[in-house]
Amino acid sequence: MNHDTHTSPGTETEPVPAMQQILDNHFLLLFLGIALPTVLYIVWGIMEVVSIPIAK
Amino acid sequence: MAQFRVCPQSGLYFHKSAESLMKANAVAAVVFLLLAGVLALLVTLTRWPTVHLLPADAFYMVLTAHGINALLFWIIFFEMAVLYFASSTLLRSRLATPRWAWLGFWLMIIGAITTNVAIFQGASSVMMTSYVPMPAEPHFYLGLILFAVGALIGCFVFLGTLAVAKGENTYDGSIPLVTFGALTACIIAIFTIASGAIILIPTFLWSVGLISYIDPVMYRIVWWAMGHSSQQINVATHVAIWYAIAAIVFGAKPMSEKVSRGAYLLYILFLQLASAHHILVDPGVSSTWKIFNTSYAMYLAVLASMIHGLTVPGAIEAAQRKKGYTNGIFEWLRKAPWSNPVFSGMFMSLIMFGFLGGITGVVMGTEQINIIIHNTLYVPGHFHATVVAGTTLAFMAITYFLVPVLFRRELILPGLAKWQPYIFSIGIILFTLFMMGAGTMGVSRRHWDMSFADASTILGMTFEYPGTAKLMMGIVGISGVLSIIGGAMYVLIVVGSLLFGKKLEASAGFWQNFGVPLADSCYSPTRPERLGRPPVIEEHGSAGFEAPGTFVLAIVFLVTFVVYYFINWKYLASVWPMS
Amino acid sequence: MSAILPPAERLWWNTPVGRQEIVWVGIALLWCLILFAMMPYWHVYGKQNLSNEAYKIYPAAYETKVKAMVDQYKVREEGPQLIPVVHPPAGSDVYILARLWQWWPILELEKNQTYRLHLSSLDWQHGFSLQPLNINLQVIPGYEMVVTMTPDTSGEYTIVCNEYCGIMHHTMLGKIFVKE
């Protein structure tokens, strides 16, 4: 399974599309996969709980 | 020097240290599945009204243990094996830091035993969720923390192995789709475990008296970031296993790498928000937060699952059609290897996860519909359809592949293995359907006595659910026993094969099942040949509707989904107005 | 065997996607947007929504509020534990507290009248499950939840505790009577 046999000349120099680069960047995905739910679910949720008024 | 063996059956490479770790984790998983299954039998036989086996205290203790052993220990041990397989074996790379991986494994073992000891001592019957301020013994939380730390180490070993493989250039291009799915699972796992640490460490300190108060709503929000996300690890993992089995059994090529990986990206970004499913009828969080989070930010993770639901069978159909099964819409499916448990288990896992687990999960996770479902038996009905019918059956299916390839033993009782996925599936379909039916009639989850006999003596109050609900709970009992028989068949076949199966490698003895390497002669210190890209074949993309049968199945799924969804709105509209 | 091999194309992102997948992704996305829109829609046009009204409160303070209502509107007592039955005026604030292992007091409401129902717990978490309607709410100590309810059917309704709350959890029942 040699990778050179089936790629036409020139394709090796074409730039890799940005989305493919993002999907190949495992640590960027790790960062996104932790940051997003932390901010949207945990931090936002806790802020709402903290801001509940005290009963009269 | 890293040592590798190549499996003559599959052509897969196993790094010696990684192989031992996969075996140890897989065996530990099956041991905890056995324990969880025995506990499941006790729970089922107690909720079956005419049997009502255990007394209340034992029931609540056993239910706590069943949840933790099944949902955490069985599944996460197995997932560790999957992570090591998807990184080291699929990338032909040595495993990064096997010693750390062993430390993680032993922490998980010690943690799992500690928590089980705490539960069976009887003073920690707090259910898996351990909602404060109901207290458990300190070592109940401590065991879970140790287990989580061990699993976290496993996740970092996986990420480290990806880095090693990239650094040592063991593969060409991007990682395989299955490894990408495992990466998704790993990322969700790290969020899950971090959330668990954020909430369980303070709770442990509270249980030993060092912290005086833990806010119960904050506990619920952060605990569910662990509790629900841990089930999302399973989704990412079992979808990866579906893709793997489609590739192994059919040589199926993903319809589009772009679409499948894009769908996984939606999982990475949004799947974990669904932890809000459990907070929908709680005081203290706004509808804005609830709607945004419960819908995975506009149902983008549901979109991802619907995509996988098309592309996995679609890839199988395309592969089958290429082999000549082109008559009509469904010949490819009729002529599939239904007697091979690797395939039948995987395909039924996919169907049941979609139709039973997926649809009901979206319905009950709708902010307002949750009012008529929260904490009823509908909830365990739903998650047994996802975690037992979906995840557990997918894990069982891949095990039948791994026993010869990884453990180098032939399966014993192949006739029994052929039937196992069917018996398990029939049991679990009836079990989840009737459990959800009983939940729709209001029957409570985590409840010892649906007849409320003691309430009439203590409070002078009586209440009876409709007779249909009692009948349904009887069917839940019978079908629960049936699916446990299916589970027992799996354990029997796997344990029997590891102990008595024909050795495909002379040195595959008793201790080799637990991680002792095979004979030295099996391994070679030379690095495996670099994993290349397969040749480009223009078989997908431009071909148009290459999988029409799958498309028909997908439309049937959609119609079922739409109808059932609006039935539930109609049911909601019939209860008292609230605002 | 290519889901377990690297993608064949070096630039796989540029490989065109088949028509079948594009159609399905379009249909699925549309359905997801409908699913999403249903929740805000129901807040505007539907009749079953939870308010976002909630307060932090000490359990003892909540107990005081409930007792004040009971003292004012008690009509009788029921059962061996002499749980009071209260009949508060239509349209008023009504209170139920959850504790190990009872719902206290019993409410007597009037059909088609609107009440502000307050719920909280004095000890552990409990689950308010109104049967046979199947209305389920989480009841949490330290938090007072307010839901405006309009009973539009009469009869005897039972509150089952559906959040596990210890060994006698299965005996924890309460009642709401709705009079014509």
Side-chain angles (χ1 to χ4, degrees), chain B residues 57 90 127 131 134 171-174 176-178 216 243-244 247 251 253-259 281-284 286-287 291 295 298-299 302-303 306 310 367-368 371-372 374-375 442 444 446-449 454-455 458-461 463 533-534 536 540-541 544-545 572 575-579, chain C residues 1-10 12-13 15-21 24-25 28-29 32 35-36 39 42 47-49 51-52 54 79-81 124-125 127 129 131-138 140-143 145 147-152 158 160 162-164 167 170-171 173 175:
Chain B
D57 54 346
L90 290 186
M127 301 295 131
Y131 289 141
M134 181 191 285
Y171 64 98
D172 183 24
S174 304
L177 182 58
V178 172
Y243 278 114
K253 179 187 185 299
M255 295 174 82
S256 158
E257 294 279 354
K258 180 177 173 173
V259 170
V281 296
D282 276 28
S286 71
S287 288
I291 291 175
S295 69
M298 298 204 292
Y299 289 102
V302 173
L303 175 65
M306 288 174 79
L310 179 88
E367 191 207 1
Q368 295 94 339
I371 296 169
I372 53 172
H374 178 75
N375 271 358
S444 167
R446 297 174 167 176
H447 200 281
W448 177 67
D449 180 18
D454 293 348
I458 296 171
L459 293 170
M461 292 184 195
F463 174 64
R533 285 184 271 133
V536 177
H540 292 297
F545 270 62
L572 175 70
V575 306
W576 290 355
M578 279 174 276
S579 58
Chain C
M1 309 241 306
S2 52
I4 57 173
L5 291 177
E9 301 85 354
R10 190 178 73 94
W12 47 263
W13 186 262
T15 309
V17 177
R19 199 152 50 93
Q20 176 166 7
E21 281 175 286
W24 177 247
V25 171
L29 181 61
C32 289
L35 289 174
F36 182 71
M39 292 186 283
W42 201 263
K47 289 206 169 68
Q48 292 78 17
N49 290 288
S51 74
N52 289 314
Q81 295 195 2
W124 294 345
Q125 299 194 26
S129 178
Q131 297 299 337
L133 289 164
N134 212 6
I135 293 173
N136 303 280
L137 304 168
Q138 189 74 21
I140 297 178
Y143 288 85
M145 186 189 207
V147 183
T148 304
M149 262 189 204
T150 313
D152 59 3
T158 303
V160 174
N162 71 358
E163 183 59 76
Y164 171 68
I167 186 66
H170 58 276
T171 67
L173 292 184
K175 292 283 176 188

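All values derive from a computational prediction rather than experimental measurement. Order of the sequence lines sets the chain letters (A, B, ...), proteins ahead of strands, with each chain counted from 1.
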Using non-hydrogen atoms only, which part of [X] is less than 4.5 Å away from chain B: side chain, backbone, both, or neither?
X: C:Val160; result: side chain
X: C:Asn52; result: side chain
X: C:Leu137; result: both

Exercise. Could you check C:Asn136 against C:Ser129 for side chain to side chain donor-acceptor pair (under 3.5 Å), going step by step and ending with a plain yes or no?
Key: CA-CA 4 Å; C:Asn136 303 280; C:Ser129 178; 2.7 Å; yes

Contacts of B:Met127 meeting side-chain contact (heavy atoms from CB on, under 4.5 Å) (sequence neighbours excluded), chain-then-number -> B:Tyr60, B:Leu63, B:Thr64, B:Thr129, B:Arg446, C:Tyr164

When rounded to the nearest 0.5 Å, the distance separating CE of B:Met461 from CG of C:Leu173 is 7.0 Å

Between the CH2 atom in B:Trp576 and the CD1 atom in B:Ile371, the distance rounded to the nearest 0.5 Å is 13.5 Å

For residues [X] and [Y], determine if any side-chain heavy atom of one lies less than 4.5 Å from a side-chain heavy atom of the other.
X: C:His170; Y: B:His447; answer: yes
X: B:Leu572; Y: C:Trp42; answer: yes
X: C:Pro80; Y: B:Ile458; answer: no

Interface residue of largest heavy-atom contact number with chain C, from [options], under 4.5 Å:
options: B:Ser444, B:Gly284, B:Gly442; answer: B:Gly442
options: B:Ile372, B:Leu177, B:Val302, B:Asp454; answer: B:Ile372
options: B:Asp57, B:Leu90, B:Val178; answer: B:Val178
options: B:Pro283, B:Ser295, B:Gly460; answer: B:Pro283
options: B:Ala244, B:Ser286, B:Ser174; answer: B:Ser174

Who wins among [options] for the most heavy-atom pairs under 4.5 Å with chain B?
options: C:Gln81, C:Met145, C:Met39, C:Met149; answer: C:Met39
options: C:Leu29, C:Ile135, C:Val147, C:Val25; answer: C:Ile135
options: C:Phe36, C:Trp24, C:Tyr143; answer: C:Trp24
options: C:Asn134, C:Thr171, C:Thr158; answer: C:Asn134

Practice item. Give the intermediate values and the outcome of side chain to side chain donor-acceptor pair (under 3.5 Å) for residues C:Thr15 and B:Lys258. Key: CA-CA 8 Å; C:Thr15 309; B:Lys258 180 177 173 173; over 6 Å; no

